Colleague: 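Pasting a structure here, questions to come.
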Amino acid sequence: MGFLDIKQATKSYGAVQVLQETDISVEEGEFLVLVGPSGCGKSTLLNMIAGLEDVSSGEIAIRGQRMNEVRPAERNIAMVFQSYALYPNMNVAQNIAFGLEMHGVPKPERDKKVQEVAELLQITQLLKRKPGQLSGGQRQRVAMGRALVRDPDVFLFDEPLSNLDAKLRVDMRTEIKKLHQKLGTTIVYVTHDQIEALTLSTRIAVMFGGYVQQLGTPKEIYDNPANMFVAGFMGSPSMNLFPATLADAGGTAQAEFTLKDGGTGVLPIADPAIVKHAGRKVILGIRPEAITDPDGADRNSKAIHQLEAQVEVTEPAGSDTFVVTEFGGKEITGRFRADVAVQPGTSHTFAVNMEKAVLFDPETEARIR
């Protein structure tokens, strides 16, 4: 049993089931991120934890206590919304203290907690300002302060950074992570941004179509995706996915696929157990950083294989150059070092780390092992 337990929880609106049976157990102090595209059920699940949506079937429990029939105000949960939801007629200190006041906390204690949280979030100088006088990042800190001051069992974040510009999102992401490391609070965080999910979480639940597609650590999700949706959704640039045929090469498997010039590319599969699937058509998945120039390849890998392919496009990105070619009729992106001389329309050597390759069934889209 975890600190927060979601047991076979579903949500239906009439005949439409938007959240399928979901089982997630969150330990105390964990940072769980629910990530997925719009409409996948992640915000619905968050609202069910908060009590803002009823649970159609199943159970949600906190500290072993069933929450299904408990009113939102009695769940000891604090929620930070995308819209901040600050009262424009109150100053920052009043906004932060409002929840405490509603719960009958004496003013001296309220003032003390407001001061502590303001110092933690570095907004002491803003306490007398109104929300309209604050930047987006400052408003987000106030919204977080209002949640923190209550010392809840669970913090719920509903896409809190989506209204901020790109640089401020990165800055606030760092602040939220530092805050979690310092306080050790239990957080459930919803986002559609997979970079936020990978950088903030201790565990990720990747959601799509009302189902949890995979639940695991950021490294597990990134290195060992359970299916093609997870592989393609997590990571930027996303994992390269292209069709290939497995062949038996004297007791080991190799993936064979077409190249842009009409030739055949061959990449040996590092896992010897895959040879039992020889003859099958598969989808081969390789992340961009595992396709590079020969001198930039991972020197610790024992499965670096080189092949010649035509360069379609080069995209300088400062510290790296993304190089696009074609495998199996699909565009493939490799991550080369910035100073590598590579030109569109020419042939170049690509070094592929096959220790990082994964295989999927083209029909079920599930991982092949």
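All values derive from a computational prediction rather than experimental measurement. Computed over heavy atoms, backbone and side chain alike; hydrogens, waters and symmetry mates excluded.
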Colleague: Heavy-atom count around N76 CG within 6.0 Å, excluding the residue itself: above 12?
Modeller: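 Correct, the count exceeds 12.
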Colleague: For residues V33 and L161: do they belong to one hydrophobic cluster (side chain heavy atoms under 4.5 Å, members Ile, Leu, Val, Met, Phe, Trp, Tyr)?
Modeller: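 Looking at the clustering, L161 is in the same group as V33.
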Colleague: Do R173 and T199 get their side chains close enough for a donor-acceptor pair, meaning under 3.5 Å?
Modeller: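 The answer is yes; a qualifying pair exists.
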Colleague: Assess, by modelled atom type and distance only, whether the side chains of H192 and E159 contain a donor and an acceptor separated by less than 3.5 Å.
Modeller: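 Short answer, yes.
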Colleague: Are I195 and I221 grouped together when hydrophobic residues (ILVMFWY) are joined by side-chain heavy atoms under 4.5 angstrom apart?
Modeller: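 Each belongs to a different hydrophobic cluster.
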Colleague: Do D223 side-chain atoms and K356 backbone N/O form a donor-acceptor pair below 3.5 Å?
Modeller: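 Absent.
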Colleague: Please report the shortest heavy-atom distance between V114 and A97, naming the atom on each side.
Modeller: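 In terms of heavy atoms, the two residues are closest at CG2-CB, 3.7 Å.
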Colleague: We want to know whether T10 and S57 form a side-chain donor-acceptor pair, criterion being a heavy-atom distance below 3.5 angstrom.
Modeller: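 Note: T10 and S57 side chains meet the donor-acceptor criterion.
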Colleague: Quick one: list whatever passes side chain to side chain donor-acceptor pair (under 3.5 Å) with Q306, sequence neighbours left out.
Modeller: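 If we apply the side chain to side chain donor-acceptor pair (under 3.5 Å) test to Q306, skipping adjacent residues, there are no hits.
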Colleague: Please indicate whether K177 has more than 12 foreign heavy atoms, meaning atoms of other residues, nucleotides or ligands, lying under 6.0 Å from its NZ.
Modeller: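 Yes - once you tally the heavy atoms of other residues, nucleotides and ligands closer than 6.0 Å, there are more than 12.
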Colleague: Without hydrogens or angle criteria, can the side chains of N227 and Q213 be said to hold a donor-acceptor pair below 3.5 Å?
Modeller: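 Judged by distance alone, the side chains do pair up.
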Colleague: If you measure only the distance, is there a donor-acceptor pair under 3.5 Å linking the side chains of E30 and T186?
Modeller: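 Checked: E30/T186 side chains show no N/O donor-acceptor pair below 3.5 Å.
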Colleague: Assess R335 against F322: is NZ or CZ under 6.0 Å from the centre of the six-membered ring, and within 45 degrees of the ring's axis?
Modeller: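 Verdict for F322: no cation-pi partner in R335.
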Colleague: May I ask you to decide whether E74 forms a salt bridge with R71, counting only side-chain N to carboxylate O separations under 4.0 Å?
Modeller: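 Yes, E74 and R71 are salt-bridged.
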Colleague: For residues Y84 and Q138, is any side-chain donor paired with an opposing acceptor at under 3.5 Å?
Modeller: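 Y84 vs Q138: no donor-acceptor pair found between side chains.
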Colleague: Applying a strict under-4.5 Å side-chain criterion to I, L, V, M, F, W and Y, I'd like to know whether V55 and I24 cluster together.
Modeller: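 Yes; tracing contacts between hydrophobic side chains, which count when under 4.5 Å, links both residues.
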Colleague: Give a yes-or-no answer on whether the side chains of S162 and Q82 include a donor-acceptor pair shorter than 3.5 Å.
Modeller: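 A donor-acceptor contact under 3.5 Å links the two side chains.
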Colleague: Look only at the side chain of E355 and the backbone of S301, and say whether a donor-acceptor pair between them is shorter than 3.5 Å.
Modeller: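 Judged by distance alone, no pair lies under 3.5 Å.
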Colleague: With a 6.0 Å cut-off (strictly less than), is the heavy-atom count around OH of Y222, excluding the residue itself, greater than 12?
Modeller: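 Enclosed.
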Colleague: side-chain hydrogen bond (donor to acceptor under 3.5 Å, both in side chains) between Y211 and E21: does it pass, once the steps are laid out?
Modeller: CA-CA 7 Å; Y211 290 93; E21 286 191 0; over 6 Å; no
Colleague: Give a yes-or-no answer on whether the side chains of E119 and Q122 include a donor-acceptor pair shorter than 3.5 Å.
Modeller: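 No donor-acceptor contact under 3.5 Å links the two side chains.
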Colleague: Do NZ/NE/NH1/NH2 and the carboxylate oxygens of D361 and R280 come within less than 4.0 Å?
Modeller: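 The answer is yes: the pair qualifies as a salt bridge.
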Colleague: Check for me, please, whether L148 and L156 land in the same ILVMFWY cluster - side-chain distances under 4.5 Å, paths through other members count.
Modeller: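 The answer is no; the residues belong to distinct hydrophobic clusters.
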Colleague: Taking atom types as modelled, find out whether Q254 and E256 have a side-chain donor-acceptor pair closer than 3.5 angstrom.
Modeller: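 The criterion, which ignores hydrogens and geometry beyond distance, is satisfied for E256 and Q254.
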Colleague: Output yes when a side-chain donor or acceptor of Q133 lies under 3.5 Å from a complementary backbone atom of K130, and no otherwise.
Modeller: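 Confirmed, Q133 side chain pairs with K130 backbone.
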Colleague: Using a side-chain heavy atom cutoff under 4.5 Å and only I, L, V, M, F, W and Y, what cluster partners does M354 have?
Modeller: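 Same cluster as M354: F242, L246, F257, L259, L267, I269, I274, V282, L284, I286, I291, L307, V311, V323, F327, I332, F336, V340, V342, F350, V352, L359, I368.
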Colleague: Salt-bridged, D111 to K107, with N to O below 4.0 Å?
Modeller: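 Yes, charged N to carboxylate O under 4.0 Å.
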